[in-house]
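Right, one structure below, let's go through it.
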Amino acid sequence: MTMHDPAWNEEEQRLRRVALLIKTRVNEVGQLAEQRLETAIDTNRDFWADITVNMNNPDEIMETYTSINQQSMVMVNQERDLLHAEDTLKQLLRLHDTPYFGRIDFTESGYPDTESIYIGTSSFFDDATQQYWIYDWRAPISNLFYDYPPGPASYKTPTGQIDGTVELKRQYVIRQGEMKAMFDTGITIGDEILQTMLGQSADDRMKSIVATIQKEQNQIIRDDRHQVLIVQGAAGSGKTSVALQRVAYLMYKHRNTLNADNMVLFSPNDLFNSYISTVLPELGETNMQQTTYQQYLQFRLGSRYNVEDQYTQMEYRLTAGNDPSYFIRQSSIRFKSSHAFIRIMDGYAHHLEQANMIFKDLRFRGKVLISQQQLSDFFYHIDPSIKLSNRVQLMKDWLLKELKTLAKAERTEPWVKEAMELLDKDEYQKAFSTMEERNTDQEQLFYDAKQEAFLLSRYVVNQNFQPLRHKIKKLKFINIHALYKQLFQEHSRCLLESIEATALPEDWDAICLQTLTQLDNQQLAFEDATPLLYLNELIEGFQSYNTVRHVIIDEAQDYSAFQFTFMKRLFPRSKMTLLGDMNQAIYTSTDSSGPVEQNNQGTTGNQHGYNHVIELFGAGQTNIIRLIRSYRSTREIVEFTKAMLPNGEAIEPFNRNGEKPLVHRADDLNSLTASVIADLNALQAEGIQSIAILTKTAEESFLAYERLYPSIPVSLITKNDHSFEKGILIMPAYLAKGLEFDAVLLWDASHNQYDQESERKLFYTACTRAMHRLHIFYTGELTRFISSLDTHTYKHLKSY
């Protein structure tokens with residue numbers, strides 16, 4: 001639709017009117033925010049001036065406390081009002097630049113009038129006219145825009161279903177308050193808008209997609225019935241974007257009971273957290289809590305072990321093929337991630353209720369106060385019907401009582417008198433203050449030397465017993481390290497086979513030896529971290545996060561059955577949204593092949609890789625939706641990459657054309673380096689700024705960086721980086737998951753680098769990071785992942 005069309009003029013007039021109304025509201029709210037800021041500053045400055053402190057009179061003390069409390073409440077309320085005004089102002093400023101992006105004309109059944117409904121990122125209501133000029137995209141009526149073409153339609157409200165007819169569906173491109181384009185569309189969000197959005201350059205932050213949400217994506221965003229929603233989506237299908245819109249929708253719909261503090265996102269790494277950090281704020285919502293699974297493991301285990309991360313495990317898999325213990329390690333990873341090992345751990349915990357619990361001697365000043373045997377005897381004299389974790393709590397209570405008795409006996413030991421004599425002035429004063437707090441009879445406090453010695457000895461012993469008391473409260477008298485090791489010692493085979501009722505892996509003995517060696521060196525392999533924590537929780541009781549009501553897990557295909565079982569216990573009251581792509585399952589514990597089959601209702605027949613989640617939560621509580629259309633890459637890149645997969649035909653490219661992927665053959669590494677430098681210069685000359693050079697391993701990234709840095713400005717990205725910036729970035733392919741770039745260059749796609757079938761998905765993942773350009777370099781023989789493809793899907797070039 002052109003600007004000479006009468007409808008264009010009408011829309012421009014409305015846009016100008018809305019912009020004027022918003023600007024007026026901006027001025028009003030801006031003045032209100034300034035007034036509230038001045039009031040808050042004045043109140044804060046005068047806080048103590050309004051309070052008289054008198055600590056001599058008990059009545060005055062209470063009056064002072066009441067006054068301080070009242071003033072504090074006033075300040076809290078003022079700060080809340082100020083923040084609300086500032087948030088409203090930010091929201092209005094965003095609306096002023098882009099007030100709305102869609103319109104539907106809807107005639108409700110039984111009513112003659114047709115209502116024009118304009119949809120934006122937030123609502124705008126005019127109090128003077130009692131008119132909604134803009135509806136929030138999350139409002140129930142906005143479903144009409146995402147789910148229906150012109151014709152019969154309905155939407156659900158809290159009071160019931162509203163039926164009617166969509167007379168018109170229109171989309172806008174508005175920038176800085178000016179109309180740039182306008183389209184009337186059908187059932188899907190129009191290709192013109194998507195072409196405009198997807199043709200733009202990549203940014204250093206993920207963008208909001210509310211203007212281009214597709215029907216199947218809207219289904220994911222508004223699913224509020226299921227305990228677990230699994231989104232199996234092709235690379236570039238918008239999984240993460242949709243998940244963040246889903247968070248915004250849930251906080252909008254349940255704003256009285258759900259906020260950002262009740263939601264947690266588990267992402268692959270801090271780099272990814274940086275990349276998505278602006279999506280929710282753009283929608284006027286606060287970012288939820290963001291973490292990684294590795295950070296949680298480090299928080300729980302980092303003080304006791306050198307905890308391996310998943311990327312180090314990945315590097316081992318990619319580089320240690322010649323290690324004699326390589327295949328043992330691979331087998332260990334698979335088994336320790338499986339349902340079988342979960343059952344072993346549950347059975348082992350049940351066995352410990354009967355025998356073989358291992359405790360630590362409780363020592364004080366080099367002597368054993370309570371021995372392992374005494375602890376074991378007490379533990380197994382507790383009623384055996386009481387579960388393991390409750391018996392541990394009973395032990396803790398018993399030990400704290402025993403410690404009091406032992407402390408009393410310790411007061412007459414020679415070391416106590418020596419310690420009393422060595423108390424300096426400050427320590428003596430501290431002892432006096434502590435005893436003063438514990439004794440109400442002030443006159444008898446230091447009545448004579450004998451009484452003073454008694455009180456000081458009690459103080460000294462209590463202070464010295466404090467670390468032991470703390471240890472007991474933290475349940476450190478249980479030897480979790482030894483209990484986990486016990487699983488892998490020689491005598492454990494018969495026990496474990498009886499627990500599991502199936503055979504252990506053929507190489508179990510070798511797995512045990514490898515595990516024990518690592519544990520003896522305080523090295524905790526990534527595959528051992530979750531089982532060890534799980535055993536710890538079975539024995540001590542689970543540390544659950546009951547205030548978390550929704551958990552989002554990105555790259556869910558990289559989580560094992562064991563990890564999901566642990567996460568369910570960690571967040572027992574939480575719903576979950578799982579986002580993944582089994583074609584990008586690059587880790588041993590989750591690696592598998594084949595697509596997810598989907599029926600016409602959007603659920604799956606063969607869930608492939610998510611069966612353990614369905615078994616864990618129940619089929620009735622789980623909904624699986626598959627996104628098969630890829631929007632990130634051009635049609636040429638999608639056709640090229642999906643051909644690498646055994647059943648890649650299920651992936652549909654969006655109709656956005658571009659150049660075919662380029663495959664460059666170089667004679668040697670020097671020639672490859674020169675070709676990459678020339679290519680980078682050519683891409684930058686075209687104005688392409690977001691470029692990634694992806695390698696197979698971290699070591700290869702470093703080598704590529706050393707070769708390129710003298711000639712061209714590049715940044716080396718490692719697993720420890722926390723921010724994502726534009727420019728030319730070099731990183732291992734596994735760090736790029738979830739990210740996208742205008743152009744991707746694969747450093748070495750030779751047969752020597754990518755030959756194992758287990759590396760196919762890693763190679764596919766690397767290629768699918770490209771939005772507009774994919775250039776692949778190699779020396780020697782080309783990887784079979786490309787050489788087996790139809791040569792018409794790419795251009796093959798010689799070196800420059």
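What you see is a predicted model, and the numbers here were worked out from it, not measured in a lab.
Between the Asn521 side chain and the Gln518 main chain, no donor and acceptor come within less than 3.5 Å of each other. In this structure a side-chain-to-backbone donor-acceptor pair under 3.5 Å is missing from Ser331 to Phe327. A donor-acceptor distance shorter than 3.5 angstrom exists from the side chain of Thr783 to the backbone of Tyr754, with no hydrogens or angles considered. Glu537 places a side-chain N or O within donor-acceptor distance of the main-chain N or O of Gln543, the cut-off being under 3.5 Å. Arg317 places no side-chain N or O within donor-acceptor distance of the main-chain N or O of Gln330, the cut-off being under 3.5 Å. For the pair Thr292 (side chain) and Pro268 (backbone), a donor-acceptor distance under 3.5 Å is absent. Side-chain N or O atoms of Thr641 include one that pairs as donor or acceptor with a backbone N or O of Val638 at under 3.5 Å. Judged by distance alone, the side chain of Arg760 and the main-chain N or O of Met644 form a donor-acceptor pair under 3.5 Å. Ser332 places no side-chain N or O within 3.5 Å of a backbone atom of Ile328 that could act as its donor or acceptor partner.
The two residues Ala650 and Ile628 have their closest heavy-atom pair at O-CB, 3.3 Å. Looking at every heavy atom in both residues, Asp755 comes nearest to His751 through OD1-CE1, 2.6 Å. The heavy-atom pair separating Ile728 from Ile693 by the smallest distance is CG2-CD1, 3.9 Å. Annotation for Gln310 and Gln294: closest pair N-OE1, 3.8 Å, computed over non-hydrogen atoms.
Residues Ser267 and Asp554 bring no donor and acceptor atom of their side chains to less than 3.5 Å of each other. Between Gln753 and Glu700, the side chains place a donor N or O and an acceptor N or O closer than 3.5 Å (distance only, hydrogens not considered). With no hydrogens or angles considered, no side-chain donor-acceptor pair links Ser750 and Asn752 at under 3.5 Å. Side chain to side chain, Thr312 and Lys719 meet the donor-acceptor criterion of an N or O pair below 3.5 Å. Checked by atom type, the side-chain pair Gln295/Asp270 shows a donor-acceptor distance below 3.5 Å. A donor-acceptor contact closer than 3.5 angstrom is absent between the side chains of Glu315 and Gln313. Checked by atom type, the side-chain pair Asn269/Tyr311 shows a donor-acceptor distance below 3.5 Å.
More than 12 heavy atoms of other residues, nucleotides or ligands sit less than 6.0 Å from atom OH of Tyr326. More than 12 heavy atoms of other residues, nucleotides or ligands lie within 6.0 Å of CD in Glu706, so this atom counts as buried by the packing criterion. Atom CD of Glu506 sits in a sparse spot, with 12 or fewer heavy atoms from other residues, nucleotides or ligands closer than 6.0 Å. The number of heavy-atom neighbours closer than 6.0 Å to NE2 of His491, taken from other residues, nucleotides and ligands shown, is above 12.
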Legend entry - side chain to side chain contact (heavy atoms under 4.5 Å, CB included) evaluation trace for Phe562 with Ser338: CA-CA 6 Å; Phe562 208 132; Ser338 68; over 6 Å; no
Inset, instruction - Would you check, one step at a time, whether the test side-chain hydrogen bond (donor to acceptor under 3.5 Å, both in side chains) holds for Arg300 with Tyr296? - result: CA-CA 6 Å; Arg300 292 295 307 277; Tyr296 178 76; 2.8 Å; yes
Inset, instruction - Might you work through the side chain to side chain contact (heavy atoms under 4.5 Å, CB included) test for Thr695 and Leu746, ending with a clear yes or no? - result: CA-CA 6 Å; Thr695 64; Leu746 265 63; over 6 Å; no
Legend entry - Worked check of side-chain hydrogen bond (donor to acceptor under 3.5 Å, both in side chains) between Ser630 and Ser237: CA-CA 4 Å; Ser630 178; Ser237 58; over 6 Å; no
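Look at Glu740 and Arg769 and you find no salt bridge, because none of the NZ, NE, NH1 or NH2 atoms lies under 4.0 Å from a carboxylate O. For the pair Lys660 and Glu636, the salt-bridge criterion is not met [side-chain N within less than 4.0 Å of a carboxylate O]. Under 4.0 Å is where a charged nitrogen must lie from a carboxylate oxygen, and between Lys737 and Asp558 at least one such pair does. With respect to Asp509 and Arg493, a salt bridge is recorded, a charged nitrogen being found less than 4.0 Å from a carboxylate O. Ionic pairing of Arg334 and Glu527 is not present here: no N-O contact between side-chain nitrogen and carboxylate oxygen is shorter than 4.0 angstrom. Taking the charged nitrogens against the carboxylate oxygens, Arg329 and Glu308 do have a contact shorter than 4.0 Å, which makes a salt bridge. Salt-bridge check for Glu759 with Arg784: failed, with every basic side-chain N at 4.0 Å or more from each acidic carboxylate O. Contact check on Asp520 versus Lys485 returns a salt bridge, with a Lys/Arg side-chain nitrogen under 4.0 Å from an Asp/Glu carboxylate oxygen.
Leu229 is listed as a side-chain neighbour of Ile625, based on a closest heavy-atom distance under 4.5 Å. Phe777 has its side chain within reach of Val676: a pair of non-hydrogen atoms, C-beta onward, lies under 4.5 Å apart. Contact check for Leu708 versus Ile677: side-chain heavy atoms found under the 4.5 Å cut-off. Contact check for Ile230 versus Val613: side-chain heavy atoms found under the 4.5 Å cut-off. Counting heavy atoms from C-beta on, the side chains of Asp667 and Thr779 never come closer than 4.5 Å. Side-chain contact between Ser492 and Leu487: absent, with no pair of heavy atoms (C-beta onward) separated by less than 4.5 Å. Contact annotation: the side chain of Tyr348 never approaches that of Leu538 to less than 4.5 Å [non-hydrogen atoms, C-beta and beyond]. The shortest side-chain heavy-atom distance between Ile552 and Leu265 falls under the 4.5 Å cut-off.
To the nearest 0.5 angstrom, Leu762 atom CG is 13.0 Å from Tyr764 atom OH. Separating the CZ atom in Phe488 from the CD1 atom in Ile511 is a distance of 8.5 Å, to the nearest 0.5 Å. Taking CD of Gln232 as the reference point, atom NZ of Lys239 lies at 7.5 Å (rounded to 0.5 Å). To the nearest 0.5 Å, atom NZ of residue Lys642 and atom CG of residue Leu789 are 12.5 Å apart. Note that CG of Leu496 and CZ of Arg343 are 13.0 Å apart. Values are rounded to the nearest 0.5 Å. Separation of atoms OG (Ser560) and OH (Tyr587) is listed at 13.0 Å; rounding is to 0.5 Å.
Ring-plane geometry between Phe566 and Phe542 is classed as tilted, the angle between the planes lying from 30 to 60 degrees on a 0 to 90 degree scale. Using cut-offs of 30° and 60° on the angle between ring planes, the pair His775 and His664 is tilted. Under the 30°/60° scheme for interplanar angles, the aromatic rings of Phe785 and Phe763 are found to be tilted. Using the six-membered ring where Trp is involved, Tyr293 and Phe526 have ring planes that are perpendicular, over 60° apart on the 30 and 60° scheme.
Take Asp790 and apply the salt bridge (charged side-chain N to carboxylate O under 4.0 Å, His left out) test, not counting sequence neighbours, and it matches no residue. Shown here are the salt bridge (charged side-chain N to carboxylate O under 4.0 Å, His left out) partners of Asp528, two or more places apart in sequence or in another chain: Lys336. Residues passing the side-chain contact (heavy atoms from CB on, under 4.5 Å) test with Asp668, sequence neighbours excluded: Asn670, Ser671.
Between Tyr778 and His796, the distance from one ring center to the other falls under 6.0 angstrom.
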